[in-house]
There are 2 protein chains.
Amino acid sequence: MTRQAAVRGRPRSEKAEKAIIGAALDLIGEGTSVSELSIEAVAARAGVGKTTIYRRWTNKEDLVGDALATLKAPLPALAGRSVREDLIVYLDVMRQDSRTLRTRCIMNIAMSEPERHPRLYERFRQSVIEPRRCALQAVLERGRASGELREDLDVELAMAMLSGTMMWHTKWASDLDPLPDDLAARIVDEALLGFRAR
Amino acid sequence: MTRQAAVRGRPRSEKAEKAIIGAALDLIGEGTSVSELSIEAVAARAGVGKTTIYRRWTNKEDLVGDALATLKAPLPALAGRSVREDLIVYLDVMRQDSRTLRTRCIMNIAMSEPERHPRLYERFRQSVIEPRRCALQAVLERGRASGELREDLDVELAMAMLSGTMMWHTKWASDLDPLPDDLAARIVDEALLGFRAR
DNA sequence: GAGTTTCGCTACGGGAGCGTATCGCAAGAT
DNA sequence: ATCTTGCGATACGCTCCCGTAGCGAAACTC
C-alpha cells in the first residue's frame, strides 16, 4: 500500500490538502452549488495554487466527493433501551445537524443534485444515507419484535414518516427561528400513537 | 389599468413572450438551476433575440418568477365529506405532481434555493405554498372541530407529518420506480391511527 | 551538495455568458 | 404614406473560469 521504494522529491503537503478540502466545504456551505464551484475559487480560498489542486484531483466531482467523505458524521449510538428513546436520539441528531452550515450544504447536494452528479450522489448515499437508514430500520424492527410496536406496522412507511417529518421541519426552519429542543420527542410521541401495539 | 393613450408603435409579440417563458421552463425542467440558467440559452431555445428578453425583464429572477407563476397548479378541490378523504386527495396531488418534470423542477427551486434567491422564493411561497398550507390546515381544524380528530392534536405537527412523509417519498422516488397508487391512502391511514379521537 | 518533486505564483489562449448597441425589416397607429 | 416601436440577428468589450505551462523557491532523499 504505502511507499515500497523511497519517495524521491519533496513530499506533498498534507496541510495544503486539508486547506483545499476545507475551502471546498466552506464554499459549498456558503451556498455555492457543485456546478458553480470553481477550482479557482477553491484555490484562492485555500491559499493554494491551482496546480496543487489539479495535481491531486482530475475533476471537480472527485474533489467534492473526498470533501464530503470527510464529513461523514458518526452514527449516533442508539442505546436500545426503548424504541421511543432510540427514535428521539435519532431524530434529534437530524435536528442538531440542521443547524450547522456544513450539514445543511451536504443535504442540499443530496437533495437537489442526485441526477446531476449521479456518481457523487451514489457515493454519498452509501457512506451517509444507507447506514442511517439501516439503523433506523433496525430500531423499528426491534420494536416490532419486542411487541412495543404493532405487528403489522409498515416499517418502510414508518421510517418515511419519522424522517420525513423532521426533514420537513429542517427544510423550512429559518436561521432566526431554530427548531425547538423538544421537536424530536414531539414527533416521536405523535408517531408512536399510531405505531404502538394496543 | 390598460392603455389610456393609444400604443404608438408595433405591439409586443405575445407569441415571443410565451416562447421565452416556455423555453425558460423547459431548461429548468431539464435540470438547469436558476443560477446556471443563461439568458442566451433561453433566447436560443425560444428562437428569440436577447434584446426581446431584456426589454421585458430586467433580471433573471423576474423572468423565472413570471415563468413559475404560470405553473401555479390549481388547488385540489377538497370535498369536505371526511378528513380521511380530503387528506388523501391532498396528498395524492403531491404524488401525481412529483411525476411531472416541471413540478419537480419548481420543487427543486423551492427546496434548494430559498436563501440564494430570497425574493423568488418568497413569491413562490405566497402563490403556491401558502394556499396549500392553508387548505391542509383547514381540513385538520375542521376534523378537530367535528370530533373526527383528537381535541389536543398539534395541527402544525400533523401537517408536517403528512406533507413531510409524502415529500420524503417524492424526493427519493426514482423515475423507474414511481410511487404506488395507494401511497396517499397508506400515509393518511397510518397517520390517522394517531390523529383520531378514540 | 546533487537530484527530484512540490510549492505558490503568474501568465497564457480559449470558451461562455454578460448587458448594450446597432442593423434592416415587420407591424401596427395616424 | 409616415411615424413609431418591436422584431431577430450580429457584434462588441467585459468578466469569469478553464486547464496548462513555466518560474524560482522550498522540501525532501541520496
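Bear in mind that the values here come from a model prediction, so they are computed numbers and not experimental data.
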Point to revise | Gap between atom CZ of A:R125 and atom CD of A:E130 - 0.5 Å precision | key: 5.0 Å
Check your understanding: Where the side chain of A:E40 is defined as all heavy atoms beyond and including C-beta, which of C:dT6, D:dC18, D:dA27 is the nearest nucleotide?
Key -> D:dC18
Exercise for review: Among D:dA27, C:dG17, C:dC9, find the nucleotide with the atom closest to the side chain of A:R10.
Suggested key: D:dA27
Study note, to complete from the structure: Against the side chain of B:R8, the closest entry in D:dC7, D:dT20, D:dC3 is D:dC3
Point to revise | Contact under 4.0 Å: B:S13 side-chain N or O vs D:dG6 OP1/OP2 | key: no
**Study point:** CD/B:E30: more than 12 non-hydrogen atoms of other groups inside 6.0 Å
**Key:** yes
Point to revise | Spacing of B:R55 atom CZ relative to C:dG19 atom P, expressed in whole Å | key: 16 Å
Review point. Is the shortest side-chain N to carboxylate O distance from A:E141 to A:R144 below 4.0 Å?
Key: yes
Exercise for review: On DNA chain C, check which nucleotide each of A:G9 and B:A41 is closest to and give me the residue with the more 5' one.
Suggested key: A:G9
Revision key, fill the gap. Whole-Å distance, B:R45 CZ to D:dG8 P, equals 17 Å
**Study point:** Spacing of B:R55 atom CZ and B:E17 atom CD [to the nearest 0.5 Å]
**Key:** 11.5 Å
Revision key, fill the gap. Quick note, B:I39 side chain, CB onward, closest among C:dC18, D:dC18, C:dG3 is C:dC18
Exercise for review: Let me know the distance between CD of A:E36 and P of D:dT15, rounded to the nearest Å.
Suggested key: 21 Å
Point to revise | Rounded distance in Å - CD1 (A:I53) to C1' (C:dC9) | key: 14 Å
Point to revise | Distance in Å, A:W168 CH2 paired with A:T170 OG1, rounded so as to fall on 0.5 Å steps | key: 11.0 Å
Review point. What's the CG-C1' distance between A:N59 and D:dC18, to the nearest Å?
Key: 14 Å
Practice item. Return the value, rounded to whole Å, for the distance between atom CD of B:E17 and atom C1' of D:dG8. Key: 16 Å
Practice item. Could you say whether A:P11 or B:R12 is positioned toward the 5' end of DNA chain D, judged by the nucleotide with the nearest heavy atom to each? Key: B:R12
**Study point:** Atom-pair distance (NZ on B:K15; C1' on D:dG8), nearest Å
**Key:** 12 Å
Review point. Once you round it to whole Å, what is the distance between C1' of D:dC18 and CH2 of A:W57?
Key: 18 Å
Review point. Ignoring hydrogens and angles, are the base of C:dG8 and the side chain of A:K50 linked by a donor-acceptor pair under 3.5 Å?
Key: no
Point to revise | Check: A:T51 side chain, C:dC9 base, donor-acceptor under 3.5 Å | key: yes
Review point. Picking from C:dG8, C:dC9, D:dA27, which would you name as closest to the side chain of A:V48?
Key: C:dG8
Check your understanding: Within the pair B:T52 and D:dG8, is there a side-chain N or O less than 4.0 Å away from OP1 or OP2?
Key -> yes
